[in-house]
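Count residues from 1 along the sequence.
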Amino acid sequence: MAITIIFVCDSGLVSSVMGAKVLRNRLQKEHLHVTVETFRAKEIPTETTFLIGPRKIVSDLPVDSTCKVFAVDHLLAAASYDDLIETIRNELMQRD
């Protein structure tokens with residue numbers, strides 16, 4: 001099963017699109033083949049495994065207990081995604 005990361009923000013347009021672009025570039029640089037999709041915080045798919053977004057938004061979202069949530073303070077800083085990258089790498093290794 002492929003890994004999909006859901007990137008959220010209030011509108012699903014501005015900050016999530018910019019953050020998702022930074023994250024996609026980082027994933028590509030790390031040679032991790034993962035899908036990143038953007039959604040409005042109110043429209044998160046029910047079967048979400050990885051959720052990422054601004055801390056002020058994701059900290060208040062009701063999510064399934066199996067969902068791994070990553071809060072980011074600086075969406076445009078590639079280093080903000082270090083924990084997520086490491087978790088994704090470990091998840092992919094477990095699946096192989």
Side-chain angles (χ1 to χ4, degrees):
M1 176 173 35
I3 293 177
T4 299
I5 299 170
I6 303 300
F7 207 117
V8 298
C9 70
D10 282 332
S11 68
L13 295 173
V14 182
S15 61
S16 64
V17 171
M18 292 185 328
K21 181 176 172 44
V22 172
L23 178 56
R24 283 185 193 107
N25 289 341
R26 177 78 191 277
L27 289 164
Q28 183 178 20
K29 182 178 178 181
E30 299 283 338
H31 304 288
L32 299 172
H33 304 287
V34 178
T35 301
V36 180
E37 297 180 5
T38 59
F39 283 88
R40 290 179 44 179
K42 295 177 183 178
E43 299 172 351
I44 300 169
T46 56
E47 299 293 323
T48 299
T49 305
F50 291 95
L51 178 71
I52 188 164
R55 184 173 308 280
K56 66 181 181 178
I57 294 173
V58 298
S59 62
D60 295 331
L61 291 175
V63 293
D64 189 281
S65 62
T66 61
C67 182
K68 295 174 181 127
V69 179
F70 294 86
V72 179
D73 291 316
H74 305 287
L75 296 176
L76 300 180
S80 295
Y81 304 99
D82 288 348
D83 290 340
L84 175 61
I85 296 293
E86 189 61 32
T87 301
I88 294 295
R89 185 176 286 116
N90 292 335
E91 182 86 15
L92 289 169
M93 286 172 46
Q94 288 176 4
R95 292 178 181 205
D96 285 342

Within a 6.0 Å radius of atom CD on Glu30, are there more than 12 heavy atoms belonging to other residues, nucleotides or ligands? yes
Qualifying residues under side chain to side chain contact (heavy atoms under 4.5 Å, CB included), relative to [X], sequence neighbours excluded:
X: Leu92; result: Ile3, Leu32, Val34, Ile88
X: Lys68; result: Phe50, Phe70, Thr87, Glu91
X: Val22; result: Leu76, Ala78, Tyr81
X: Thr48; result: Ile6, Ile44, Pro45, Leu51, Cys67

Reported CZ-to-CD1 distance for the pair Phe7 and Ile52, which is rounded to 0.5 angstrom: 5.0 Å
Under the salt bridge (Lys or Arg N to Asp or Glu O under 4.0 Å) definition, can you give me all pairs with a residue in residues 45-61, not counting sequence neighbours? Arg55-Asp73
Would you say the side chain of Met18 lies within less than 4.5 Å of the side chain of Leu75, judging by non-hydrogen atoms? no
Please report the C-alpha distance between Val72 and Leu23 in whole Å, then the side-chain angles of each, then the deciding distance to 0.1 Å, and finally whether the side-chain contact (heavy atoms from CB on, under 4.5 Å) criterion is met. CA-CA 11 Å; Val72 179; Leu23 178 56; over 6 Å; no
Sequence neighbours excluded, which residues qualify as side chain to side chain donor-acceptor pair (under 3.5 Å) partners of Asp82? Arg26
Side chain to side chain donor-acceptor pair (under 3.5 Å) against Thr46, all qualifying residues, sequence neighbours excluded: none
Backbone N or O of His74 within a donor-acceptor pair of the Ser80 side chain at under 3.5 Å? yes
